[in-house]
Amino acid sequence: MTIRRFALAMGVAGVLLCTQSMAQDKQDPKAGKEKAQSCAMCHGNEGMAQMPNAPHLAGQPTAYLAEQLKAFRSGARKNEIMSVIAKPLSDADIDNLAAYYSSFEIQLKR
């Protein structure tokens, strides 16, 4: 029984990795950079927030960024500004924005 569970878990992990890899192939950080121009006022030119109540987007995981944008778009997550901004975004726009912002490496100060 344990071997079957292990095999099932490995199979599921393989499918998830394959799906994630295929999703990354569809992402276009350059297109995301173009789309991100409208985000810069609050989130900064390279995803480092300029406003105190806006989060930094640079270096965040792609899946997290995409999930949050989709939640704003659907209304599952609410914010007066982000709900309006995310509403017209297509899935491709969201994937590209997430790829762009996640492409930045953040250096932590010590």
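The first residue in the sequence is number 1, and the count goes up from there. From a predicted model like this one, the values you see are computed outputs, not experimental measurements.
Summarising the geometry of Thr62 relative to Ser102, their closest heavy-atom pair is OG1-OG, 2.7 Å, with the distance given to 0.1 Å. For Ala98 against Ala66, the heavy-atom pair with the smallest separation is CB-N, 3.9 Å. Closest heavy-atom contact between Ala54 and Cys42: CB-O, 3.5 Å. Across all their heavy atoms, Asn96 and Asp28 have their closest contact at OD1-N, 2.7 Å.
Checked against Tyr100 for a side-chain contact (heavy atoms from CB on, under 4.5 Å), the options Gln27, Lys33, Glu34 give a single hit: Lys33.
Note on Leu65: it does not cluster hydrophobically with Ile85, by side-chain heavy-atom contacts below 4.5 Å among ILVMFWY residues. By the rule that hydrophobic residues join a cluster once side-chain heavy atoms approach within less than 4.5 Å of another member, Tyr64 and Leu69 end up as members of one cluster.
His43 contributes no side-chain N or O that, together with a main-chain N or O of Leu57, makes up a donor-acceptor pair within less than 3.5 Å. The main-chain N or O of Met48 is found under 3.5 Å from a side-chain atom of Gln50 such that the two form a donor-acceptor pair. The backbone N or O of Ala40 lies less than 3.5 Å from no partner atom in the side chain of Asn45, so there is not a single donor-acceptor pair.
Here Ile81 contributes atom CD1 and Met41 contributes atom CE; the two are 9.0 Å apart, rounded to the nearest 0.5 Å.
Considering only residues two or more places apart in sequence or on other chains, Lys35 meets the salt bridge (charged side-chain N to carboxylate O under 4.0 Å, His left out) condition with Asp93.
For the salt bridge (Lys or Arg N to Asp or Glu O under 4.0 Å) condition, the pairs that include at least one residue of residues 72-90, sequence neighbours left out, are Arg73-Asp91.
A 4.5 Å side-chain heavy-atom check between Gln60 and Tyr101 finds every atom pair outside the cut-off.
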